[in-house]
There are 2 protein chains.
Amino acid sequence: MRVPHGIDSKVFSAAVRELEGIVGQQWVFTSEEDLYLYRDAYSPFWGEAEERLASAAVSPESVEQVQAILRIANAHRIPIYPISTGRNLGYGGAAPVYSGSVVLDLKRMNRILEIDEQAASCLVEPGVSYFDLYRHIRANKLKLWIDCPDPGWGSLIGNALDHGNGYTMNPFRDHFAAHCGMEVVLANGDLVRTGMGALPGAKTWQQSRYGFGPDVDGIFSQGNSGVVTKMGFWLMAEPEAYLSGTVMVSRHADLVPLMKAFSVLNNTNAMMATTRIGSPLQLGRVFGVPPEPEHAALLDKPGVTPEELEAYGRKNDLPYWTIDLKFYGGTEVVEAQWTHAMRVFRSAIPDVQFAKGDRLTFPLSETQAEAVKDKASLGIPSLGAFFVGARSPNKPVGSHGHFWLSPILPLSAEAVLEAQKVFARAFREWGVAPLYRALPQLYSPRAFYLLFGFEVSEDPAVNRKTRETVRRMIKLAAEHGWGEYRTAPAFMDDVMNVYSYNNHALRGLYERIKDALDPNGILAAGRCGIWPKHLRNGRS
Amino acid sequence: MRVPHGIDSKVFSAAVRELEGIVGQQWVFTSEEDLYLYRDAYSPFWGEAEERLASAAVSPESVEQVQAILRIANAHRIPIYPISTGRNLGYGGAAPVYSGSVVLDLKRMNRILEIDEQAASCLVEPGVSYFDLYRHIRANKLKLWIDCPDPGWGSLIGNALDHGNGYTMNPFRDHFAAHCGMEVVLANGDLVRTGMGALPGAKTWQQSRYGFGPDVDGIFSQGNSGVVTKMGFWLMAEPEAYLSGTVMVSRHADLVPLMKAFSVLNNTNAMMATTRIGSPLQLGRVFGVPPEPEHAALLDKPGVTPEELEAYGRKNDLPYWTIDLKFYGGTEVVEAQWTHAMRVFRSAIPDVQFAKGDRLTFPLSETQAEAVKDKASLGIPSLGAFFVGARSPNKPVGSHGHFWLSPILPLSAEAVLEAQKVFARAFREWGVAPLYRALPQLYSPRAFYLLFGFEVSEDPAVNRKTRETVRRMIKLAAEHGWGEYRTAPAFMDDVMNVYSYNNHALRGLYERIKDALDPNGILAAGRCGIWPKHLRNGRS
C-alpha cells in the first residue's frame with residue numbers, strides 16, 4: 001500500500017480502516033490496479049518520479065460521509081484530494097496535485113436534486129455529468145437547455161469550479177458565473193449553505209445570486225478550502241430558433257476593423273454567444289481539412305508574408321479571417337440579428353463577405369439532435385472533441401495525451417497579432433516547433449483565450465522539453481501582461497508565481513484564507529499553487 | 001470630542017493627531033458640526049440613544065494614505081467604517097453600523113483611472129459617482145453607456161459592493177456581477193489586486209473575470225475585511241436603438257400565464273432588461289396619479305375581491321396587471337423582439353393587450369437626454385427618485401426619511417400572490433397600516449424583490465413601532481423562505497439571524513474569514529451582522 005509522505009504507515013492503515021467503516025470496504029481503493037484509474041492519463045510526467053499519484057481513493061455516497069471522511073483526515077493529517085468525476089483530462093484528470101493524497105471521489109453523489117422548468121434552474125451533486133443532466137431533460141421533455149464544454153462527460157460542478165466554459169449564450173457559458181447557490185463541507189467537516197441557501201426552507205436558493213453578507217462562493221472555485229457537495233445552476237429556456245452565420249474578410253489588416261465591429265455587437269449584447277475566430281488562410285492546418293499542396297507549401301515557407309497569403313486567398317477564394325456568429329431566440333429575432341450584424345460589419349469593411357449557416361427550430365427530435373454537427377453550440381453534450389486528442393484510432397493507446405495553455409489576451413486584433421508575433425519569435429529562438437499557430441478562442445465574452453495544445457509523449461525526454469517550453473511560455477506571456485486562467489497540475493506553481501503583484505500579495509491572501517479554513521492543511525494541497533502552511537516552504 | 005467605546009480618550013486624541021499627520025488637519029473631522037454630515041439622515045433611530053454616530057471622520061486622497069490610516073487604527077484598535085460616498089440613503093448613508101467608529105470617507109479618491117471604448121470597460125476609484133462617469137463619457141463623446149441605480153449621485157464601487165442594481169440590460173444591472181477586477185487594502189494595510197490585476201502589467205484586469213486561483217472578490221462585497229480602492233466595470237456599448245412596450249392583462253388570475261410566458265422570454269434572454277410589474281387596478285395609489293374616487297373607494301374597501309376590481313377595470317379600461325418590456329439593439333432587432341414577445345404572450349393569453357412605448361435611436365443630444373422620462377432605463381443618472389422620499393416640498397425638512405425592506409421571492413405569480421396574502425394578513429393582525437401593498441420589482445433577472453418602503457418619523461414612538469413591524473416582517477418572511485439581500489444598519493443583525501441554516505454555519509464561515517483577515521476587528525464592525533471577535537458576545 002502506498003502511504004502519503006510523512007504519515008506513519010500504521011496510522012495510514014488505521015485511517016483506511018476508518019474510511020472503510022464510513023463508506024464500506026468496497027468504496028475504499030488501495031490496490032495498484034484500482035489506483036491506476038486515478039492516474040492522470042495525460043500527465044506530462046507520465047512514468048517519471050514526479051508523476052503525481054494517489055495513495056488511496058475513497059468514494060462516499062452522502063454529505064454525511066464526506067463530513068466523516070474529512071474529520072478522519074483531520075484527526076490523522078491525511079492529505080485529501082477531492083474530485084467530482086475526475087474527467088478533466090488535459091488539466092490533471094483524477095490525479096491529486098500533491099502526490100500521495102487520498103482522492104475523495106464524489107462520483108457516487110450523482111443526483112439531480114431539483115430541476116425547475118419555469119425558473120430554468122437546477123440543483124445537482126458533484127457526480128452529475130453534462131450527459132446525465134441532458135438525458136434527464138430529454139427524458140422528461142423539459143423545455144430547457146444546458147451549456148456544456150467539450151467533451152460532455154465531466155461534472156457540472158467540477159467544470160464550474162475550475163472556471164470552465166461552454167458554447168451557448170453569454171449568461172450560461174461562463175459556468176461558474178452561471179451558478180447560483182452552493183453547499184460546501186469545509187475542511188473541518190462543517191456543513192455550510194451559501195447565498196439564500198443559508199435561510200432554512202429558502203425558496204430562492206437557485207434563483208437569487210446573493211443572500212445576505214459577503215458572497216463567499218468564489219473562494220471555493222479553483223480553491224482548496226472546502227468540498228462542494230451541491231451547486232445550483234441557471235439553465236437556458238429552449239429558444240424558438242437558432243441561426244448561425246460566418247463573416248469573412250480577405251486581408252490580414254482587416255482583423256482590426258473586424259474586431260472593432262465585433263466589439264460593438266458584443267458589448268451591446270447583440271452578439272450573445274461564443275464565437276470562433278478562424279483564419280482559413282493563415283491557419284489552414286488547424287482542426288480542419290488539410291490544405292491544398294500550394295497552400296501547404298506557402299504555410300511551410302519560412303517568413304511567408306501576409307501579402308503572399310492574401311494573393312493565394314484571392315486566387316482560391318479563401319478568406320484571411322472569419323468570425324462565426326450564433327443567434328438564439330424568436331424566429332424573426334435571429335433573422336433580424338443576422339441582418340443587423342451584417343450591416344454593422346459592412347459599414348466597417350465594405351467588401352466583407354457573409355455566409356449564412358444553419359437555421360434550426362426547436363425542439364429537435366432525437367434523430368435531428370444526433371445529426372447536429374456543432375453540438376456544443378446547442379448545448380448537446382458529446383465526446384466529439386476527442387478527435388483532437390492522442391488516443392485516436394491512428395495512434396497507439398499508451399501514455400499519449402495532451403494538455404492546454406491559454407494566455408488571456410485583450411479582445412482586439414492588435415493583441416492577437418502581437419501575441420502571434422511574440423510566440424512565433426520565441427519558438428524560433430527556442431528551437432521549438434511552432435505548435436500550431438494558436439487561434440484566439442472566445443470562451444470569455446470580453447477576452448481572448450490564446451489556446452495552445454501540447455502533446456504528451458511516451459518519451460520522458462520529449463516531455464521534459466515540452467515542460468520546459470511551457471514554463472518559458474508562462475513567463476514570456478506574463479512579461480507581456482497575459483496570464484493563464486487554469487493549467488495542468490505540473491504548472492500550477494509556475495502560473496501562480498507570475499501573479500506576483502506587490503510581492504505575491506494575492507497568494508498571501510489565498511494562504512490566509514486557506515489557513516483559516518483548513519488549519520491542518522488536509523485539502524487539495526498545492527491546487528492552483530496554494531499550499532498549506534506545512535508544505536509552503538517547498539513551493540517553488 | 002466623541003471617543004469610540006472602550007478607547008482611552010488620550011489614546012484617541014493621539015490617534016487623531018496621527019491621522020492628521022497622514023491626510024492633513026483639514027481632512028480629519030471631529031467637530032459636532034462636521035460630523036453632522038456623517039449622520040444617517042434617514043435613520044429609524046434618529047435622535048434616539050441607539051442612533052449610530054461617528055466619533056470622527058478621515059478622508060484620504062490616496063491608497064498609501066488608506067494603508068497608513070489602517071495601520072494607525074490597528075495600532076490603537078480604533079474602529080473604522082469605510083464609505084465610498086455615503087449616499088446610500090435608505091440603507092444607512094454615511095453613518096457607521098457600530099456607533100463610535102471613525103468614518104473612512106473615500107470621496108476624495110474620485111479618479112476615473114481608465115476607460116476603454118473598444119473594450120467597453122472602466123477602472124474607477126470609490127469616490128467616482130454615476131454622474132461623474134456619465135459626464136466623463138458625454139464630454140469625451142464615447143459610445144458607452146453606464147447602468148445606474150436611482151438616484152445617480154452614489155458611488156459605482158459602493159453600490160456594487162452593496163449588491164445594488166440598475167435598470168438597463170441583464171449583464172450590467174447586477175452591479176457586483178458587472179465588475180471586473182479589484183484593488184483592496186486589507187484590514188492590516190496590505191495592498192492586494194485580485195483577478196488578472198495580480199499579474200504585474202496585466203493587459204486584461206478589466207477584461208477577464210478570473211485570474212488564477214480562487215475568486216476572492218465576493219468576500220469584499222457586503223463585507224468588512226478590506227477597503228476596496230479600485231474596481232473595474234464592464235460597460236455597455238451604445239446600442240443603435242431602444243424600444244419599450246407594455247403588456248396588459250385584465251384578470252387577477254392572468255398573472256399566472258403572464259409570468260409563465262415572461263419566464264420563457266426571460267430565460268432565453270429574449271427579454272434582456274429590467275422590467276416592472278404593475279397593477280393599475282390593485283395598486284392604484286403607488287407611484288402614480290391618484291385614483292378616481294370610485295376606484296379609491298374600492299381600494300379602501302376591506303376585503304375587496306379581485307372580481308370587484310376586475311369589474312371596475314372592465315368598465316374603465318384599466319388592466320389588472322402590466323409588464324413593461326424594454327429592448328436594446330439594432331433597429332430591426334428591437335422591432336423583431338417586440339413582435340416575438342407579443343406572439344409569446346398572445347399564445348398564453350389570447351386577449352392580452354399591448355401598448356408600444358418609446359422608440360429611440362442613439363446617440364441622444366443633450367436636449368433629448370434631458371427630456372427622457374425613464375432616464376434609468378437608458379443609463380442616464382438623475383435625482384428623480386427623490387420624489388418618493390420624505391424631503392419633498394410638501395413636507396417639512398427634518399428627520400424624515402425612508403428605508404426599504406425587500407424579501408426576495410421566486411419569479412412566479414404564485415409566489416407574489418402568496419406573499420401579498422401573507423403580509424396583508426400580518427398587517428391586519430398586527431394592527432399596522434398596510435404600507436402600500438408591495439409590488440414585486442425585477443431587479444434580479446431570476447427573482448422578485450418585494451419592495452416595502454417605510455417612512456421615518458420625527459416621533460421616536462412612531463419609529464419604535466416601525467422598527468418592531470420591520471423585525472416582525474423579517475421573521476415572517478424567513479418563515480416562508482424569503483430572505484432579504486440588504487437592509488438598513490438597524491436591522492442587519494435581525495436579517496443575519498434568519499440565515500441560520502445548520503446553526504448559523506454561514507455566519508460562522510464569515511466570522512472565520514473576518515478573524516483571519518482583520519484579527520484586531522477594526523473594520524466596519526457589525527456590517528451585515530458580522531462582528532469582530534471582541535464584540536461578538538453583544539450580537540443579538
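Each chain gets a letter, A, B and so on, in the order its sequence line appears, and its residues count up from 1. The figures that follow rest on heavy atoms only: side chains count, while hydrogens, waters and symmetry mates do not.
- The side-chain heavy atoms of B:Y501 and A:E183, taken from C-beta on, include a pair separated by under 4.5 Å.
- A distance-only check finds no donor-acceptor pair linking the side chain of B:R446 to the backbone of A:T204 [under 3.5 Å].
- Note: A:L506 CG to B:L199 CG = 11.0 Å, rounded to the nearest 0.5 Å.
- Looking at A:E484, the atoms closer than 4.5 Å to chain B (heavy atoms on both sides) all sit in the backbone: N, CA, C or O.
- Taking the side chain as every heavy atom from C-beta outward, B:Q207 and A:L411 never approach each other to under 4.5 Å.
- At a 4.5 Å heavy-atom cutoff, the contact between A:Y510 and chain B is made by side-chain atoms alone.
- Residue A:D174 touches chain B through its side chain alone, counting heavy-atom pairs closer than 4.5 Å.
- Taking A:M259, A:H480, A:R527, A:E238 one by one and counting their heavy-atom pairs under 4.5 Å with chain B, the maximum is reached by A:H480.
- Across B:A505, B:G330, B:A237, B:A478, the residue that shares the most heavy-atom pairs under 4.5 angstrom with chain A is B:A237.
- Checking side-chain atoms of B:K203 against main-chain N and O of A:L409 turns up no donor-acceptor pair under 3.5 Å.
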Open item on the list: Working note: B:R512 + A:L186, criterion side-chain contact (heavy atoms from CB on, under 4.5 Å); need CA distance, chi angles, decisive distance, verdict.
Closed with: CA-CA 11 Å; B:R512 288 171 73 177; A:L186 299 182; 3.7 Å; yes

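- Contacts with chain B were tallied for A:R209, A:M196, A:M236; A:M196 has the most, counting heavy-atom pairs under 4.5 Å.
- Among A:V184, A:N188, A:D515, the residue making the largest number of heavy-atom pairs under 4.5 Å with chain B is A:N188.
- Heavy-atom distances place both the backbone and the side chain of A:I219 under 4.5 Å from chain B.
- Atom OG of A:S225 and atom CD1 of B:I513 lie 8.5 Å apart (nearest 0.5 Å).
- With a 4.5 angstrom heavy-atom cutoff, A:T168 does not touch chain B via any of its atoms.
- For A:P410, the parts lying near chain B are the backbone and the side chain together; criterion is any non-hydrogen pair under 4.5 Å.
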Open item on the list: Test salt bridge (charged side-chain N to carboxylate O under 4.0 Å, His left out) on B:R343 and A:E240; report intermediate values, then the result.
Closed with: CA-CA 12 Å; B:R343 193 153 46 76; A:E240 259 187 21; 2.7 Å; yes

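- Between chain A and the residues B:A415, B:P445, B:A119, B:G329, the most heavy-atom pairs under 4.5 angstrom are made by B:A119.
- With chain A as partner, the option from B:W234, B:F448, B:Y485 having the largest number of non-hydrogen pairs under 4.5 angstrom is B:W234.
- Rounding to the nearest 0.5 angstrom, the gap separating the CG atom in A:N503 from the CG atom in B:D190 is 9.5 Å.
- When all heavy atoms are compared, the tightest approach of B:G211 to A:Q222 is O-OE1, 4.4 Å.
- Of the atoms belonging to A:S444, it is side-chain heavy atoms, and not backbone ones, that fall under 4.5 Å from chain B.
- A 4.5 Å side-chain heavy-atom check between B:T268 and A:K143 finds every atom pair outside the cut-off.
- For a residue to count as touching a neighbouring chain, one of its non-hydrogen atoms must lie under 4.5 Å from one of that chain's; by this rule B:A177 touches chain A with backbone and side chain alike.
- For the pair A:N502 (side chain) and B:V192 (backbone), a donor-acceptor distance under 3.5 Å is absent.
- Side-chain atoms of A:N267 never come within 3.5 Å of backbone atoms of B:L235 as a donor-acceptor pair (strictly under, hydrogens ignored).
- Of the residues considered (A:G483, A:C180, A:G195, A:A447), A:G483 shows the highest number of contacts with chain B, using heavy-atom pairs under 4.5 Å.
- With chain A as partner, the option from B:Q337, B:Q206, B:H163 having the largest number of non-hydrogen pairs under 4.5 angstrom is B:H163.
- Between chain B and the options A:Y499, A:F220, A:F212, the largest number of non-hydrogen pairs under 4.5 Å is found for A:F212.
- Interface check for chain A: of the options B:Y449, B:W205, B:F172, B:Y328, the most heavy-atom pairs under 4.5 Å are formed by B:F172.
- Looking at A:P407, neither its backbone nor its side chain comes within 4.5 Å of chain B, counting heavy atoms on both sides.
- Annotation: maximal heavy-atom pairing with chain B below 4.5 Å, among A:T339, A:D116, A:V495, occurs at A:V495.
- For the pair B:N269 (side chain) and A:M169 (backbone), a donor-acceptor distance under 3.5 Å is absent.
- When side chains are defined from C-beta on, A:S221 does not count as touching B:Y210, because their heavy atoms never get closer than 4.5 Å.
- Chain A forms more heavy-atom pairs under 4.5 Å with one residue of B:P214, B:G213, B:G481 than with any other, namely B:P214.
- With values rounded to the nearest 0.5 angstrom, B:D215 atom CG is found 8.0 Å from A:D215 atom CG.
- Evaluation of the side-chain hydrogen bond (donor to acceptor under 3.5 Å, both in side chains) rule for B:T194 yields B:D217 as partners, not counting sequence neighbours.
- Side-chain atoms of A:P171 and B:P171, non-hydrogen and from C-beta on, never get closer than 4.5 Å to each other.
- Qualifying ring-ring contact (aromatic ring centres under 6.0 Å, His included) partners for A:H179, counting only residues two or more places apart in sequence or in other chains: A:F176.
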